[in-house]
Amino acid sequence: MGIRFTGEAGVYMPARDAIKIAGVDGERLVEVIIARSALEAIGCEDREGPDLIRHFQRERDAVEVAAMVKYRRSLKPTAEITIEAEDLATVLPAAAA
């Protein structure tokens, strides 16, 4: 199966300097953590607070596609995946540079 995303707004996790979004695979909850490197790759480098979340939400589609690809490539189902800048390279060629 693949991940379906709930569409709820991302949540900033200050302890990890990351944003978390939720997806589901059947009945399994899959937490997707978007690391700082991925946030910078989508243009969130100088943003914080509500502005960070707003900008992330505008670029969220690319992150969701990267998360679906990474999840499908994993060898076994997992409850959490982390998206880094290199994971966005297939969806955002500029992130590979």
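Start at 1 with the first residue, then count along the sequence.
- Here Thr6 pairs with Glu8, Ala22 under the side-chain contact (heavy atoms from CB on, under 4.5 Å) rule; sequence neighbours left out.
- The side-chain hydrogen bond (donor to acceptor under 3.5 Å, both in side chains) check on Glu80 picks up Arg16, with sequence neighbours excluded.
- At least one side-chain heavy atom of Ile19 sits under 4.5 Å from a side-chain heavy atom of Ile53.
- For Glu45, the salt bridge (charged side-chain N to carboxylate O under 4.0 Å, His left out) test picks out no residue, with sequence neighbours left out.
- By the side-chain hydrogen bond (donor to acceptor under 3.5 Å, both in side chains) test, Asp51 is found to be paired with Arg47, residues two or more places apart in sequence or in another chain being considered.
- The two residues Thr78 and Tyr71 come nearest to each other via the heavy atoms O-CE1, 3.6 Å.
- Arg4 meets the side-chain hydrogen bond (donor to acceptor under 3.5 Å, both in side chains) test with no other residue; sequence neighbours excluded.
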Please output the side-chain donor-acceptor pairs of residues 29-38 that fall under 3.5 Å, not counting sequence neighbours, one pair per line with the distance.
{"from": "Arg36", "atom 1": "NE", "to": "Asp17", "atom 2": "OD1", "distance (Å)": "3.4"}
{"from": "Arg36", "atom 1": "NE", "to": "Asp17", "atom 2": "OD2", "distance (Å)": "3.0"}
{"from": "Arg36", "atom 1": "NH1", "to": "Cys44", "atom 2": "O", "distance (Å)": "3.3"}
{"from": "Arg36", "atom 1": "NH2", "to": "Asp17", "atom 2": "OD1", "distance (Å)": "2.9"}
{"from": "Ser37", "atom 1": "OG", "to": "Glu84", "atom 2": "OE1", "distance (Å)": "2.7"}
{"from": "Ser37", "atom 1": "OG", "to": "Ala85", "atom 2": "N", "distance (Å)": "3.0"}

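- The heavy-atom pair separating Phe56 from Leu39 by the smallest distance is CD1-CD2, 4.0 Å.
- Judged as a side-chain hydrogen bond (donor to acceptor under 3.5 Å, both in side chains), and not counting sequence neighbours, the contacts of Arg58 are His55.
- Looking at Ile3 and Val24, their side chains never come closer than 4.5 Å, going by heavy atoms from C-beta outward.
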Side-chain donor-acceptor pairs under 3.5 Å in residues 63-70, sequence neighbours left out?
{"from": "Glu64", "atom 1": "OE2", "to": "Arg60", "atom 2": "NE", "distance (Å)": "2.6"}
{"from": "Glu64", "atom 1": "OE2", "to": "Arg60", "atom 2": "NH2", "distance (Å)": "3.4"}
{"from": "Lys70", "atom 1": "NZ", "to": "Thr82", "atom 2": "O", "distance (Å)": "2.6"}
{"from": "Lys70", "atom 1": "NZ", "to": "Asp87", "atom 2": "OD2", "distance (Å)": "3.0"}

